[in-house]
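Worksheet: the structure to be examined is printed underneath.
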Amino acid sequence: MAGLDPEDWSGIRAMGHQMLDALFDRMEHVGEGPVWQPMPQDARDALKTGFPEQGQSLEDLHDRFTDLVVPYGNGNTHPGFMGWVHGAGTPVGMLAEMLAGGMNANCGGRSHAANEVEREVIRWALSMVGMPEDGSGCLVTGSSMANFISIITASRAQDISLRSQGTGGRKMVGYAATTAHGCLPRAFDLAGFGSDALRRVPVLADHRMDLVALKRMIREDREAGYTPFMVAGTAGTVDCGAIDDLAGIEAIARENGLWFHVDAAFGALACLSSRFKNALSGIEKADSLAFDFHKWAQVPYDAGCVLVRDRKAHAAAFAQSLDYLTREPRGLASGAPWFCDFGPDLSRGFRALKVWMTLGHYGSERMGQMVEECCDVAAHLAHRVQTTSGLVLLAPVTLNIVCFGIDGLSDQDVSELVQDLHESGVAAPSTTRINGRLAVRAAIVNHRTTTADTDRMLDAVIALAAARRA
């Protein structure tokens with residue numbers, strides 16, 4: 001019987017060292033060259049080889065990877081990437097991914113060290129945001145899944161019969177600001193409540209949830225026969241980075257017997273900054289919290305996290321008793337509760353190692369400094385926007401996201417300008433809509449981005465805008 005390991009390990013060992021050197025070379029020079037470039041059709045076609053009947057050498061496959069994949073990446077490792085909210089990764093995280101791949105651990109359950117690493121990471125996360133360290137949590141693909149798990153947990157804490165009987169026509173509703181991430185209404189849809197069951201609360205001029213409106217909507221829903229069960233605050237809105245009044249939302253949730261959830265996809269890391277921590281006051285009182293290590297914590301994709309204050313409520317929402325997954329008091333099948341008891345996934349990779357090594361290497365102090373440095377770069381960019389004729393700051397800069405408009409250009413012009421900027425390779429911001437106006441949106445999440453990079457981006461915007469006005 002032929003296995004898949006080599007008979008002579010010297011060749012693959014040498015190739016592995018060559019691959020690792022190439023990775024370090026690219027990371028060391030990551031700021032050189034274009035941020036992004038379009039993938040030409042001939043490169044796309046070259047990847048369409050069909051399912052191979054005969055294998056190829058590792059050398060040939062690595063050459064194809066180097067020629068056809070590496071040059072046409074997303075660009076988020078480059079310091080000129082400022083679009084959306086993507087972390088940039090680190091050499092430590094890269095090495096951790098390699099080590100985790102070598103172990104090939106399934107972290108769905110059972111008693112083994114990889115799960116202990118994840119338990120430690122969850123304890124770190126609970127400590128970081130100030131939640132009790134006897135709470136629970138697990139690592140997931142990202143905040144979309146973390147928010148989904150939180151909504152399931154919240155609804156079943158309200159009525160555990162939902163697990164077996166479904167909603168049964170019960171009109172259960174939750175609340176989040178109009179600025180909340182789109183994964184929340186999607187989660188309500190997937191949970192069987194329907195996306196309309198997430199009531200969208202208006203925001204104030206500072207883009208934070210209107211708490212007076214929240215109180216009124218809860219009261220009106222109850223009078224109409226609905227069953228409110230949760231309210232979600234946002235720590236770092238996806239459009240401009242605003243932080244809801246979390247303490248105020250928590251007080252309303254308690255007054256009305258609602259589950260208090262916080263979507264802190266990137267904002268949770270601001271808890272590590274003495275300068276910004278107070279802006280997240282109330283996050284420590286969350287019943288559940290969703291955030292991503294692969295954003296501001298710079299851990300390689302993917303590494304989302306869900307935290308739940310009440311471990312029993314969390315397990316009650318997901319745990320199953322199955323003959324083929326019996327938990328034993330000792331042996332490999334011990335170690336209950338398993339991580340599959342806290343979410344829908346039974347097969348789970350060893351995500352925790354890259355989080356454990358990244359945070360373990362840099363430490364909370366250095367990570368907090370990195371957060372502040374990103375915010376300082378954003379403040380510099382905002383100042384330049386405010387002092388540049390023809391540009392207008394469209395939203396307050398709470399943390400690290402700068403949204404600005406370009407006078408004299410239509411929304412279509414702004415969209416085309418940003419696309420031109422992407423194709424130039426100079427920088428890659430994104431767009432969003434602020435008070436109905438299309439904005440250029442620069443999210444400073446990349447730890448490699450400096451004021452020189454944002455200056456280069458803004459100079460290019462100014463030049464492109466002048467050309468369009470002409």
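Heads up: numbering here begins at 1 and tracks the sequence.
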Rounded distance (nearest 0.5 Å) linking atom [atom1] of [X] with atom [atom2] of [Y]:
| X | Y | atom1 | atom2 | result |
| --- | --- | --- | --- | --- |
| Q56 | D63 | CD | CG | 10.5 Å |
| R199 | E220 | CZ | CD | 10.0 Å |
| D244 | L204 | CG | CG | 9.5 Å |
| M98 | M94 | CE | CE | 7.5 Å |
| T454 | I444 | OG1 | CD1 | 6.0 Å |
| L68 | M39 | CG | CE | 6.0 Å |

Give a yes or no on whether the backbone of [Y] and the side-chain of [X] come within a donor-acceptor separation of less than 3.5 Å.
| X | Y | result |
| --- | --- | --- |
| R200 | A180 | yes |
| R64 | A46 | yes |
| H294 | A303 | yes |
| E59 | S57 | no |
| R441 | D239 | yes |
| D206 | R208 | yes |
| T449 | P79 | yes |
| E118 | C138 | no |
| S143 | A146 | no |
| D45 | D42 | no |

Quick test of your reading of the model: are [X] and [Y] salt-bridged, counting only N-O distances below 4.0 Å?
| X | Y | result |
| --- | --- | --- |
| R275 | E372 | yes |
| D345 | R348 | no |
| K277 | E284 | no |

Measure the shortest side-chain to side-chain distance between [X] and [Y] over non-hydrogen atoms and say whether it is less than 4.5 angstrom.
| X | Y | answer |
| --- | --- | --- |
| V461 | F404 | yes |
| V392 | Q386 | no |
| W259 | S155 | no |
| V426 | M457 | no |
| L95 | L20 | yes |
| V238 | T179 | no |
| R123 | S127 | no |
| S288 | R309 | no |

Which atom pair, heavy atoms only, marks the closest approach of [X] to [Y]?
| X | Y | answer |
| --- | --- | --- |
| A378 | V402 | O-CG2, 3.4 Å |
| R468 | L409 | CB-CD2, 3.9 Å |
| R119 | F339 | CG-CZ, 3.6 Å |
| A232 | M230 | CB-CE, 4.2 Å |
| H207 | A395 | NE2-CB, 3.8 Å |
| T153 | A317 | CA-CB, 3.8 Å |

Between [X] and [Y], does any side-chain donor sit less than 3.5 Å from a side-chain acceptor?
| X | Y | result |
| --- | --- | --- |
| H314 | S136 | yes |
| D302 | T141 | no |
| T90 | Q298 | no |
| Q412 | E416 | yes |
| S150 | N147 | no |
| D453 | H78 | no |

Worksheet item: Ring centroid separation for F293 and Y301, is it under 6.0 angstrom?
Response: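 So the answer is no for these two rings.
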Does atom [atom1] ([X]) have a neighbourhood of more than 12 heavy atoms from anything else shown, all under 6.0 Å?
| X | atom1 | answer |
| --- | --- | --- |
| H62 | NE2 | yes |
| Q41 | CD | yes |
| L190 | CG | yes |

Practice prompt. Could you go through the side chain to side chain contact (heavy atoms under 4.5 Å, CB included) check for H261 and I151 one step at a time?
Written response: CA-CA 8 Å; H261 173 66; I151 287 165; 5.7 Å; no
Item to complete: Could you go through the salt bridge (Lys or Arg N to Asp or Glu O under 4.0 Å) check for D459 and R384 one step at a time?
Response: CA-CA 10 Å; D459 290 342; R384 275 211 61 192; 3.1 Å; yes
Discussion item. Set out, in order, the CA-CA distance, both residues' side-chain angles and the distance that settles salt bridge (Lys or Arg N to Asp or Glu O under 4.0 Å) for D189 and R186, then state yes or no.
Written reply: CA-CA 5 Å; D189 174 19; R186 180 187 294 174; over 6 Å; no
Worksheet item: R469 and D407: salt bridge (Lys or Arg N to Asp or Glu O under 4.0 Å), yes or no, with the steps?
Response: CA-CA 10 Å; R469 293 191 190 98; D407 290 337; over 6 Å; no
Practice prompt. Any chance you could lay out the side chain to side chain contact (heavy atoms under 4.5 Å, CB included) test for V262 and T234, step after step, and finish with the verdict?
Written response: CA-CA 6 Å; V262 177; T234 302; over 6 Å; no
Practice prompt. For salt bridge (Lys or Arg N to Asp or Glu O under 4.0 Å), just list the numbers for E97 and R351, CA-CA rounded to whole Å, side-chain angles, deciding distance to a tenth of an Å, and then say yes or no.
Written response: CA-CA 8 Å; E97 282 279 68; R351 291 188 180 97; over 6 Å; no
Worksheet item: H422 vs W84 aromatic rings, parallel, tilted or perpendicular, using cut-offs 30° and 60°?
Response: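 Ring orientation of H422 relative to W84: tilted.
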Practice prompt. Please say which of N446, T77, N76, N74 ends up in a side-chain hydrogen bond (donor to acceptor under 3.5 Å, both in side chains) with H86.
Written response: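 Testing H86 for a side-chain hydrogen bond (donor to acceptor under 3.5 Å, both in side chains) against N446, T77, N76, N74 leaves exactly one candidate, N74.
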Item to complete: Could you please spell out the steps behind the side chain to side chain contact (heavy atoms under 4.5 Å, CB included) verdict for C403 and T432?
Response: CA-CA 8 Å; C403 296; T432 191; 3.9 Å; yes
Practice prompt. Show your reasoning for whether side chain to side chain contact (heavy atoms under 4.5 Å, CB included) applies to I218 and Y175.
Written response: CA-CA 8 Å; I218 294 171; Y175 305 87; 3.7 Å; yes
